[in-house]
2 protein chains.
Amino acid sequence: MSIQRQPRPATQADVAREVGVSRTLVSFAFRDAAGVSPETRQAIFDAAKRLGYRHNAAAAALASKSRTAVGLYLLDLRNEVYSDVLNGVRLALPQAGNRLILSVSRSIGGVDQGAMDSLIEARVGIIIAAALLDPDERVRELAQIIPVVSVTRRVEGVDSVYPDDRAGARAAVEHLLGLGHTRIAHMAGPPFDGHTVRRETYEQMMRDAGLTPQTAAADDFTQEAAERAASELLAGPDRPTAVFTHNDQFALGVREAAYAMGLTIPGDLSLVGYDDSRTARLRGIDLTSVDLHAVELGTTAGRVALERLNDPGGPIADMTSTPRLVVRNSTAPLR
Amino acid sequence: MSIQRQPRPATQADVAREVGVSRTLVSFAFRDAAGVSPETRQAIFDAAKRLGYRHNAAAAALASKSRTAVGLYLLDLRNEVYSDVLNGVRLALPQAGNRLILSVSRSIGGVDQGAMDSLIEARVGIIIAAALLDPDERVRELAQIIPVVSVTRRVEGVDSVYPDDRAGARAAVEHLLGLGHTRIAHMAGPPFDGHTVRRETYEQMMRDAGLTPQTAAADDFTQEAAERAASELLAGPDRPTAVFTHNDQFALGVREAAYAMGLTIPGDLSLVGYDDSRTARLRGIDLTSVDLHAVELGTTAGRVALERLNDPGGPIADMTSTPRLVVRNSTAPLR
DNA sequence: GTGAAAGCGCTAACAA
DNA sequence: TTGTTAGCGCTTTCAC
């Protein structure tokens, strides 16, 4: 047995011929533009179905002057935040209207440099980018070529939809301080532009409280990197009694490292994550975490993108939301 | 401040004019086809960069007769298996060569009927589909229109790359039987074509062992659905002492339901999942699970797709791999 | 309501 | 190694 395929895909011209109208009409009917009588319209749809006609996105994109497709760039699918953003974006885009083109940067081996290019080459009208790792300046350069909406990160001069990380980090650190902890460490990620607010806020708060900040940095945004960094951090002198991590993935890494050393949570170590992922909510994990409402951020970003498409010259959007600390059982008063 | 954009994107014609060669040459240079001298080639790249030229994928797709783009259809990003498949597929596709176009079916609300259409309309040459919910017959119909590689599910007459679920389920059930359990239940998903092998194997094995199968079916492929179904299952008479679930997501749902009822795992209930997700490996979760090697399945599927693209008439691929039971602490001997 | 005609930017023969 | 010439299937004025 072998694979069958139609000899030649039907085109709008075929449909037009079948119905006995012009190709223009068929084109209009499929974009339900005004100017097609209901009967003609129905006849066109019927014929299209009969002929197995499929709209050709490439041809349409080429012919149309306006770009309506939305590109969504995601850093990493293994972090729930990004799939939540995807879900949020989809909620914002009308069912039938704007096409959504996905591009995921991180494969197992590392960041895919071509992920952004593929979006540009697909000639999307705008790119919603979740957690770009490029410096602010380069994001602005990109936005010069094609409109960009940055999600979960603020970039000056570029439409941005992001959580108020200052408030989120403050809530986390205050929670730990309130429990009596003084040796509170922070597990940060690599120091990319726009990904350091949580760290800075933590360090500032520690100093304000008359304490010494102790920041460990994972060399990658993965659970494994955090686990490695945490193994060192927790083995050092004056082991921290609490750790606030850049995200939940990191918190899980710290958690594994802690358990591997025989420490208990929250007995020996209080742990606060960031994202409030579904994993954080599992019994037995019960991670205290900061909910940044990723789905809502995605929805807002989608809306901002739609507005930008309609009004290229409009004012830059700068939309923040306030994250919420969700206290579970990974934090406890200092003994 | 407002968004800037270039007046008119540069085309190959612009580049050709700038360099003083023909447009053909530019086209050749960008596809690094033979017939362009190294100097010309370099001059073209320089000019392209200077002019901000970007290859237009839509135009290229329209003009080229052969379809080389690979479409990847994923059921649900919230299930780790599918993002693993994505990662696997990417490993198989050459860096620069075939474009990969992603389409995700399940948003928060449910299955996106348009997900498959968007791939067809993007005129991909082949679709790698992970966990289609359509009946076998409809998958075959689809494969008539466009080549399909089915991953994680076998479809007769269609290229398929899938785990030997019979072996996987057998290993799971044997493990539980070996621990002395007799009241072993199964948490199945909705009875879609191609997603019932695990259930059938379980039921057959139970009967072979002289035991009565007890299958509960979640009404959706989500943790929440499994949790609801498990709440009923575990509240019934003759509560099972062990549950084998269709996947890890379900196992987590059963786990939550069990804990909510005050049951302990593995004390009161042994639990075996399927997928060996990263969550299963976390301390405190320690879920015994069947590893189906999703990344490898994805890579194999990518390779099969590439072969099919090169040889449309070749024999149907039917590739299985053997899953491996990973025993952790969610299972224990019957007390 | 409907149709004719002019491309969109690129690839792919073929010819030189 | 280079240039010429047709389209690919669709959108989109503009006229009827």
Side-chain angles (χ1 to χ4, degrees), chain A residues 6-44 47-48 51-69 97-99 118 120-125, chain B residues 6-44 47-48 51-69 97-99 118 120-125:
Chain A
Q6 294 192 337
R8 187 183 62 83
T11 69
Q12 289 190 341
D14 296 325
V15 177
R17 200 174 309 118
E18 172 91 359
V19 181
V21 296
S22 76
R23 299 146 77 218
T24 313
L25 229 16
V26 178
S27 173
F28 274 46
F30 274 99
R31 287 173 292 142
D32 52 34
V36 187
S37 68
E39 302 82 48
T40 311
R41 187 192 176 66
Q42 193 53 50
I44 289 173
L51 266 43
Y53 166 76
R54 289 300 195 142
H55 191 252
N56 186 328
L62 182 57
S64 113
K65 308 300 296 176
S66 59
R67 312 199 177 303
T68 58
N98 310 63
R99 288 202 310 140
S118 79
I120 296 175
E121 287 172 8
R123 289 295 196 272
V124 296
Chain B
Q6 294 193 334
R8 187 181 65 83
T11 69
Q12 289 189 342
D14 296 323
V15 177
R17 201 174 308 120
E18 173 91 359
V19 181
V21 295
S22 75
R23 300 148 73 217
T24 312
L25 228 17
V26 179
S27 174
F28 273 47
F30 275 99
R31 286 173 292 146
D32 52 35
V36 188
S37 68
E39 303 83 46
T40 312
R41 188 191 175 66
Q42 193 53 50
I44 288 173
L51 266 43
Y53 166 76
R54 289 300 196 139
H55 191 252
N56 186 329
L62 182 58
S64 102
K65 305 302 295 177
S66 59
R67 312 200 177 302
T68 58
N98 310 62
R99 290 200 309 141
S118 78
I120 296 175
E121 287 171 9
R123 289 297 195 270
V124 296

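By convention in this document, chain letters (A, B, ...) are assigned in the order of the sequence lines, proteins followed by strands, and residues within each chain are numbered from 1. Computed from a predicted structure; not experimentally measured.
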**Report entry** Candidates dG9(C), dG3(C), dA12(C) - which lies nearest the side chain of Ser64(B)
**Finding:** dA12(C)

Query raised in the report: Among side-chain atoms of Ser37(A) and Thr40(A), is any donor-acceptor pair under 3.5 angstrom?
Result: yes

Query raised in the report: Rounded to the nearest Å, what distance is computed from the CZ atom of residue Phe30(B) to the P atom of nucleotide dG9(C)?
Result: 15 Å

Report task. Starting from the first five and the last five pairs of the helix from dG1(C)-dC16(D) to dA16(C)-dT1(D), work out the angle between the resulting helix axes, to 10 degrees. Result -> 20°

Report task. Side-chain contact test, heavy atoms from C-beta onward, threshold under 4.5 Å: evaluate it for His55(B) versus Gln12(B) and give yes or no. Result -> yes

**Report entry** Base of dA4(C) paired with side chain of Ser22(A) (donor-acceptor, under 3.5 Å)
**Finding:** no

Report summary line: Closest non-hydrogen contact found for Arg54(A) with Arg123(B) is O-NH2, 3.2 Å

Requested in this report: Return the value, rounded to whole Å, for the distance between atom CZ of Arg23(A) and atom C1' of dC8(C).
Outcome: 14 Å

Query raised in the report: Looking across every strand, which nucleic acid part, if any, lies under 4.0 Å from Arg54(A) by heavy atom: base, sugar-phosphate, or nothing?
Result: sugar-phosphate

Query raised in the report: Below 4.0 angstrom from OP1 or OP2 of dT2(C), is there any side-chain N or O of Thr40(A)?
Result: yes

Report summary line: With the side chain defined as heavy atoms from C-beta on, Tyr53(B) is closest, among dC10(C), dG3(C), dA12(C), to dC10(C)

Query raised in the report: Within the structure shown, what part of the strands sits under 4.0 Å from Leu62(A) by heavy-atom distance: base, sugar-phosphate, or nothing?
Result: base

Query raised in the report: CD of Glu39(A) versus P of dT2(C): gap in Å, rounded?
Result: 8 Å

Report task. Grab the CG-P distance between Asn56(A) and dC10(C) for me, whole Å please. Result -> 16 Å

Query raised in the report: What are the bounds, 5' to 3', of the part of DNA chain D that sits under 4.0 Å from heavy atoms of chain A?
Result: dG9(D) to dT12(D)

Report task. Specify the closest pair of heavy atoms between Thr11(A) and Asp14(A), including all atoms of both residues, with the distance to one decimal. Result -> N-OD2, 2.8 Å

**Report entry** Asn98(B) side chain to Ala69(B) backbone, donor-acceptor under 3.5 Å
**Finding:** no

Requested in this report: Search all heavy atoms of Ala47(B) against all heavy atoms of Glu18(B) and return the closest pair with its distance.
Outcome: CB-CG, 3.7 Å

Report task. Indicate, with a heavy-atom threshold strictly under 4.0 Å, whether Ser37(A) touches base, sugar-phosphate, or nothing. Result -> sugar-phosphate

**Report entry** Which atom of Ala10(B) lies closest to which atom of Tyr53(B), heavy atoms considered
**Finding:** O-CD1, 3.3 Å

Query - Nearest heavy atoms of Val15(B) and Ile44(B), plus distance in Å - result: CG1-O, 3.8 Å

**Report entry** Interatomic distance where CZ belongs to Phe28(B) and C1' belongs to dC14(C) [whole Å]
**Finding:** 11 Å

Query raised in the report: Of all heavy-atom pairs between Ser66(B) and Ser64(B), which one has the smallest distance, and what is that distance?
Result: O-OG, 2.9 Å

Query raised in the report: dC10(C), dC8(C), dG3(C): which one has an atom nearest the side-chain heavy atoms of Thr11(B)?
Result: dC10(C)

